[in-house]
Structure formats: C-alpha cells, structure tokens
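Order of the sequence lines sets the chain letters (A, B, ...), proteins ahead of strands, with each chain counted from 1.
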Amino acid sequence: MERFKGIGVSGGVAVGDVYIIESERMIVGRRTIPPDLVEDEIERFHDAVAKAIEGIRDDQTRLVPRLGEEYLAIFDSHVRLLDDKMLRQSVERRIREEHMVAEAAVDEVLREHVKLLFEDKSTARWVSDIYDIQSRLHRVLMGRSTGDLRDMKEPAIVVAEDLMPSQTVSFVREQVLGIAMEAGGTTSHTAIIANALGIPAVVGLRGLTAEVRAGDRLVVDGGAGEVVVNPDEETAARYVRIEKDIVESDRRLLHEQAPLPAETIDGWRTALYANIEFPKEVETALENGAEGIGLYRTEYLYLEKGREPTEEEHFDAYKSAAEAMWPRPVVIRTLDLGADKAAAGGGRETRSEPNPFLGCRSIRLCFEREPMFKTQLRAILRASIFGYIRILLPMITSLAEIRRAKAIIEEVRDDLCSEGIKHEGDVEVGAMIEVPSAALQADTFAEEVDFFSIGTNDLIQYTLAVDRSNPVVSYLFQPAHPAVIKLIKNTIDAGDAAGIPVAMCGQMSGDLSFLILLLGLGLRAFSTSPKVLPELKRAIRMVSIENAREVAAAVLEESDAAAALKILRAGRADMLQGEE
Amino acid sequence: MSRHKAQIPVEKDESLHLRPMQVLNERALEFKSDLTLTRDGHTADAKSMLELTLLAGKKGPLTLEGRGPDARDAVNTLSALLDQQLNKR
C-alpha cells in the first residue's frame, strides 16, 4: 500500500482496477524490408488505413450521443485525410522503391507534410490533425492499443502521465471510475472534463506511473487529492463506504434542496449559477437547481476540434444552451485560451512564449486574432435572440481593453445589421475580475460594463505570484490571504456602488469554507460546478447575513491567511451548530 | 478528352477551413477526370485532402482545372460548390 498526494481537481471517491494509458512516444526507426515482401507491406499499409478509418467511425458513433453532432465534424475531415490519394501514392512509392517499412514510410510522408503546413500561419493550425491521423495509423500498424478507452473491457481507473484532449473527450462516466495523472493542474483540460463528467480525479501525481502496473488496484480520492496504490482490504472498504455515502447524501441533498430558495436565515436572496463547458451540461445545471449559467467556458469548442470553430459551430452551441436555459441567463465567456490550454487549440503564438501566463492569452489573444474573435462574437449576438445571453470578457487589465472589446462588439453588430442577419441589438457585457489591476480599478470599470464576475483562481495566482500546479510553491496559493480578500472586497464594493451585479465564478465560490466570508463581504451571486450547487444552497440557508458581516469584519482585521482561516473555521462550526 | 477551367474568388482567407475542403474533396472523388486546384502558383490535386490543406497558406482566388471525360461537368459542379462553401452564397 502506497499513498500519493496530488491536486484533487474533481471530487468524489473511486476504487477500482487500473487502466494505464501509455504516453504517445513512438519512435519509428527507418527499417527496410526484403524486396520480395514489398507487396505484403503495401497491403499491410492499406489494411491499416482501413482500420484507422474504422476506428474514427467508431469513435464518432460512440461520441455523438454524448457531445452532439456539432463536436464531431472533425472526424469526417480526419477520414478524408487518411483516405488520401497523395498519402497512398507517396507511401506506396517509398515501400516499393526504397523498401521502407510502412510505419517509416507513413512517418516520412506526414512529417514532410507537417513541415509544409508549418510554413504558414493559416495552415499550421492543422498540424495537430495530421499528428492525430499519424498516431492512429501508427497504433494500428504497430498493433498497439488505441490509446483511448476502446480496449477497456471493465470499468477502471485511468492512470496516465498526461492525456491529450482527444483522449479526455472520449471518456465515458460509466467506464472511467476515476483519473490519476502525473501532469496537469487545476485548470488542465483533464481537470475540466473530469469535473464536467463528475469523475473523481487527482492530477499532479509525480512518480505515479513508475509505481503502478496493470493489475494493481487504486483508490482515487478527488476531494482529498489523494491516491492509494494497492490499498489493504480495510482501507479499500473504508473508501468504498465513503463513496457510497457521497452518492447517497448527494441524492438526498438534491431532492430536499431543489424546491427551496437560496435564501439566508434573515431573508437575503442569493443567486446560484452553474459553470459549464458543453451545451449538454445545462441539463445537469437545471437538475441541480441552477438559476442560470454564470460561466460558459467556450474553450472546448476550440480544443475539441483542434482548430478554430466555424461561426455556425459557435452559434449552434450557444443557441442550444440559451434555449434550454431560457428565461434564465447564460453568461458566455469569450475565448480564454492561452497558457496551458493553448497548444492543442491552435494558439501556437502562446506555445513558444517564455512566460505564457503573462503572455498573449485570453482577451489579448482575441485582439491579436481579431477575425477569430469576431467570428465568436457574431455567433453570440446571433444566438442571443434565442435566450438571455450575456458576454463576459476574460482577463481584463485596463479600461482601454474594455473599450476596445466593446468597440469590436459594436463593429460586429454593425456588420450583422448591414448584412441583414438577425441578432440581438443590446447584449450585456461584463468583465472578469481576475487580475489585481482590475480589482483595484473596479470602480472605474464599473462605469463601462454591465456586470462583474470574479475569477478567483487567476486572481489568487496573479496576486500572490504563484503557480498552484507547481508542487514546490503551491503552499503559497492561499485564497484567505488578506491581499486577495481585500481585492475581492474592493470589487464587490465597487459593483454595489455602481449598482451592477457582482458574481464569483472561481473555485472559491463553491468552497464552503469561504461562504460566510463572501456573504459577509456582500457577494450575492455564486457560480460553481453544477454538482456543488445543492450543498452550497443548503449552507446558504444556514447563514445569517448579520453574522456573516461580523465574521467578514473580523477576517478583514487579520494580517495573515492562517489567522483568517481560523476565524472562518470557527464561523463555519457555529453555523453548523446553529442548524442542530 | 476535354479541358475545363474556372476561377473561384475567396472573399475571406479565413474561410478556407478543413470543412469546405473536405466537401470539395469528397465530391471530386466522384469524377473520373483529373482535377487540380491552383492558388498563387501552387497546385494541389483536388482528390487529395492533404494537398488541399496547403492552399490555405496561399493568397488570392482559386483556379479549378479539370482534364478528362467529365471535365466540364466536374468543373461546373465543383466550382459552384466551392464558391458556396467559401463565400456562403
């Protein structure tokens, strides 16, 4: 029995056998074949192409019910790329004339093509598509597992060094009991997908893959951020019990909280919104009592395809979310790619940046690639007539950025008008408050926007200059740090003074330890992952604002995070006691 | 054996996505004639999706050329299709 400590990114407990996904590092040596085997080798190549295409079709059929048609057009393109005349001729020639083994021939032909694609900005975005078909062909030729979960016969816990977006999107809740991964942080695509699907997950588990082999059993405790390899019977039984309890209490909670308002003891109403990734998640959001979508992250539209989505793809996704939620609001955050998520989505500008978190990400990337930004905005404005959509601009650091973004929105609106395309004329625009400069200037920003949304993950990271996924310094990531709390307070106060709503959509808003503080500071709108909502509502219904204000005042007096946390823990204990 | 040619404007360079090329590629495979697409001096075989991807990096209008028994039909059909895909007409 061995324990590993990582970062819990998706709650819940899972116990099961491991399923190891090997990293994609296949090196093809340039081997040759005897001349009399040339025709056999060519046939082997043709078979591989057919099998790879079959694999794509299978994936497509499997994923349609989960993700919807709009996500899967990319597979059609991949079939065309595989079933290709040039690829066939070039590979055949290398096998026939140079007696190359099929793997090496495929590798050489596609590598040359990638080189050509890299020559221009507008074609470089397809490199990941070529890599995708290349690895499919290789896997078939080398008789390797498909790298996704098609070979998984029984439900199991997925263990990997790292996972590609195309692998994580193929996860199925029933099949993947839990995820334990070496790489990654709280904002990695694996974390986000795991959360969306409700799969317990722990990432940042250094050295795990070296210790785990096929046939091992694993416990993944997503809440505690812990993994136990080969637990003894007693330990395993305990975790199985915890898992059962969690499932049962969740169901009970959902049932009893659903009809109740999110109101404090002394009658203050709060608004509970859900954070989502895919339009399909609105169902889970509604089931869990969400009064709207407080944060629709649109990055996955880009990541899943490994290319820029078309206006229609954007439009279909936004329209379906807006319609399903109507008359409740849907806050769509414009592209927030960059830093760790950028590579797969085609943000190659950011990939080579020495300091990506301070580089061309989010709104900066949108300004840098204005046609792409406009495509998304057009789709948003068009979809707005089908529901109540609001636009949220990420990573705003200055007033000039707000004005520039609004001017672009204005231009897009004018374009739509002159083209005679139906759209909503007046869409509310809000700013994410997630860097210190924005929080400090919130009073000025409040004059320019219709609402604020506080993104705590980035706000903490930028205020305390710490990367939470770096285990050496992650202890410095303190939501209760006085500087962070002051910035949050400043933002809420500025919003109140200007009369615009302030919501919080970061992880802190779903963390019950901070609920009393946030209510005391005046926060009245929370946006969290849908599953957290019933629990959050129950807690809100136990708080009195009067008491919360006292707790907040006491916390504001403190000069360090540890002391602040102590007050918050005491406050929470009082609250729970009041209930019994 | 006949030869036919047509020019297709590209109003927005960013419209050259995988999707329109895939549609073109699929339809091109239905014809017997050799079909090439040329842009800015660079020629791609319309029956190869891989070659078509490289055209997005070039500038200017596309020239579709067909040689073979059904060249006229192919060029007419495909140029209309491409124009509709790229310029949303």
Distance from A:D120 atom CG to B:L55 atom CG, nearest 0.5 Å? 11.5 Å
Identify which part of B:L52 has an atom lying under 4.5 Å from any heavy atom of chain A, answering side chain, backbone, both or neither. neither
Could you tell me the separation between the NE2 atom of B:H42 and the CG atom of A:L116, rounded to the nearest 0.5 Å? 7.5 Å
Stepwise, does the side-chain contact (heavy atoms from CB on, under 4.5 Å) test hold for A:R80 with B:L29? CA-CA 11 Å; A:R80 299 294 348 127; B:L29 289 167; 2.7 Å; yes
So, for A:D84 and B:L50, which heavy atoms are closest and what is the spacing to 0.1 Å? OD2-N, 2.8 Å
Which bit of A:L110 is near chain B, if near means a heavy-atom gap under 4.5 Å: side chain, backbone, both or neither? side chain
What's the verdict on side-chain contact (heavy atoms from CB on, under 4.5 Å) for B:R19 and A:D76, showing C-alpha distance, side-chain angles and the deciding distance? CA-CA 9 Å; B:R19 181 77 189 168; A:D76 292 330; 3.9 Å; yes
Interatomic distance, CD@B:E51 vs CG@A:L87, rounded to 0.5 Å, equals 11.0 Å
Under 3.5 Å, which donor-acceptor pairs link side chains of residues 59-66 of chain B to any protein atom two or more places apart or in another chain?
unit_1: B:E65; atom_1: OE2; unit_2: B:R3; atom_2: NE; d: 3.4
unit_1: B:E65; atom_1: OE2; unit_2: B:R3; atom_2: NH2; d: 2.9

Evaluate side-chain contact (heavy atoms from CB on, under 4.5 Å) for B:T53 paired with A:H113, printing each intermediate quantity in order. CA-CA 10 Å; B:T53 55; A:H113 194 71; 3.0 Å; yes
Go through the structure and list residues passing salt bridge (charged side-chain N to carboxylate O under 4.0 Å, His left out) with B:D45, not counting sequence neighbours. A:K85
